[in-house]
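Each remark here refers to the structure printed beneath this line.
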Amino acid sequence: MEQIKNLSLLSSLCENVNSAIAVHNPATGDVLGYVPSHNREAIEKVIEKAETAQKSWAKTTAKLRAEILSRWYQLIMDNQEDLARIMTLEQGKPLAESRGEVAYGASFVQWFAEEGKRAYGETIPTPLTDRRIMTIRQPVGVAAAITPWNFPIAMITRKAVPALAAGCSFIGKPAAQTPLSAYAVAELARQAGLPEGLLAIVTSSDAVMVGELFCSSPKIQKISFTGSTHVGRILMRQSAESVKRVSMELGGNAPFIVFDDADIDAAVKGALASKFRNAGQTCVCANRFYVHDSVYDEFVAKFAAEVSKLSVGNGLDDGITIGPLIDDNAKKKVQTLVNDAVAQGANITAGGDDLGGQFFAPTVLTHVEHNMSIVKEEIFGPIAPVIRFHDDASLIDMANDTEYGLASYFYSKDINRIFAVAEALDYGMVGVNEGIISTEVAPFGGVKQSGIGREGARQGLDEYLNTKYICIGGM
Ligand code: SIN
């Protein structure tokens with residue numbers, strides 16, 4: 001593959017294309033290579049190996065685990081450029097964003113390598129003099145994850161590393177569109193000295209079979225999923241039979257609110273970053289903009305001017321800020337939502353064009369009403385619908401009027417309003433005067449139908465630990 005220096009990162013590419021998945025470049029449609037399509041039997045073997053490996057890993061010290069994971073962090077950063085190229089080739093995001101994601105993905109490795117040492121239990125004051133009470137934290141066992149194509153490395157490391165740091169083994173199934181990045185980081189874990197069987201990547205053209213197997217296997221104790229709410233519900237239902245622990249990071253419909261006292265230039269900057277990162281294909285992207293009547297015209301003029309400067313194309317080319325959408329279906333969905341909004345009275349203030357292939361122009365829609373499909377649905381594309389609002393009370397109702405509750409954003413300089421609105425927004429995450437809030441040190445996750453559980457931060461480690469209560473009597 002072009003310009004990848006460390007060819008060991010591509011050791012997952014296979015020659016036998018009969019039982020393989022073709023990986024495409026969304027910018028050109030070219031086939032980049034093939035990865036194996038594992039069948040049920042092959043994945044069952046991987047699960048058995050993970051179960052055996054986990055038993056020994058759980059007996060190692062957190063210090064030793066941290067040493068291995070720290071080496072993995074260093075290798076990821078040493079190979080940042082190659083990993084970024086692989087990511088751009090299979091996912092499409094601009095190279096600068098891919099470099100950023102490699103560093104973001106690595107930050108979870110570094111953070112959890114350290115945090116694994118702090119899986120503290122407690123001693124609890126006893127109510128009976130002849131007893132002593134304490135808790136210890138133990139790894140849940142084998143963890144399995146299904147990860148999406150929009151963050152091909154960070155979504156693997158955000159799940160795998162807390163699992164490994166806690167003493168679990170981990171099996172990841174990356175999206176069929178972006179398996180190369182996952183295999184490449186797993187290869188670096190091997191080079192860092194992670195014992196065999198503890199971190200496995202499986203790929204299959206039968207995603208339904210893999211999900212069902214992960215959820216039903218008695219050897220797997222934990223399922224973590226990032227993807228649509230629809231699929232999350234299915235996985236939760238399937239996991240119910242064996243009462244597995246689940247973490248679900250599901251869909252979002254983030255409101256981005258600009259109040260009358262906002263710093264408009266800062267709001268425009270935040271809106272660009274929040275909406276157009278990864279061509280609008282993130283669960284935490286601003287999905288709908290509410291702008292106060294008194295600053296609406298200024299915001300729209302400045303925002304549309306900046307959006308018109310974004311440069312669409314192949315993410316490997318210099319100066320590109322918006323890559324292709326992941327596939328034809330993604331583009332069709334975006335086009336349908338734009339057509340529907342325009343048919344109902346929305347204006348295209350910037351963009352609006354189908355640029356051929358899987359490219360769609362970054363677009364600003366004005367005269368948008370709260371009840372349009374483009375406001376109700378998760379767009380997952382570079383479209384910014386802007387709604388005018390008049391009073392704070394109805395605004396909060398509109399912002400919370402969704403089954404989702406992942407991220408939300410607002411701009412204001414008034415400290416009283418900042419606390420009141422942050423508390424009133426029914427979301428797992430709130431960005432105040434910031435358009436991008438993801439970091440390894442803070443808990444990422446949603447409420448309502450956006451999911452269960454948290455990733456990153458100390459809460460991310462809890463997802464892979466059981467608390468055991470020990471009572472010592474007869475003292
Ligand atoms: C996501 O879209 O699921 C992840 C985005 C992030 O980590 O910022």
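When a ligand or atom number is given, it counts from 1 through the structure's own listing order.
In this structure, F259 and F389 have perpendicular ring planes: the angle between them is above 60°, well past the 30° mark.
Aromatic ring centres of W111 and Y104: separated by at least 6.0 Å.
With N25 contributing its side chain and V31 its backbone, the two residues share no donor-acceptor pair below 3.5 Å. Not one N or O on the side chain of D30 forms a donor-acceptor pair closer than 3.5 Å with the backbone of L32.
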What are the polar N/O contacts of ligand 1 with the protein below 3.5 Å, with distances?
{"unit_1": "ligand 1", "atom_1": "2 (O)", "unit_2": "N150", "atom_2": "ND2", "d": "3.4"}
{"unit_1": "ligand 1", "atom_1": "2 (O)", "unit_2": "C283", "atom_2": "N", "d": "2.8"}
{"unit_1": "ligand 1", "atom_1": "3 (O)", "unit_2": "E249", "atom_2": "OE1", "d": "2.9"}
{"unit_1": "ligand 1", "atom_1": "7 (O)", "unit_2": "Y104", "atom_2": "OH", "d": "2.7"}
{"unit_1": "ligand 1", "atom_1": "7 (O)", "unit_2": "R158", "atom_2": "NH1", "d": "3.0"}
{"unit_1": "ligand 1", "atom_1": "8 (O)", "unit_2": "R277", "atom_2": "NH1", "d": "3.2"}
{"unit_1": "ligand 1", "atom_1": "8 (O)", "unit_2": "R277", "atom_2": "NH2", "d": "2.9"}
{"unit_1": "ligand 1", "atom_1": "8 (O)", "unit_2": "S438", "atom_2": "OG", "d": "2.4"}

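Taking a 6.0 Å sphere around CZ of R417, one finds it holds more than 12 heavy atoms contributed by other residues, nucleotides or ligands.
Every side chain to side chain donor-acceptor pair (under 3.5 Å) that N278 has, sequence neighbours left out, goes to Q91.
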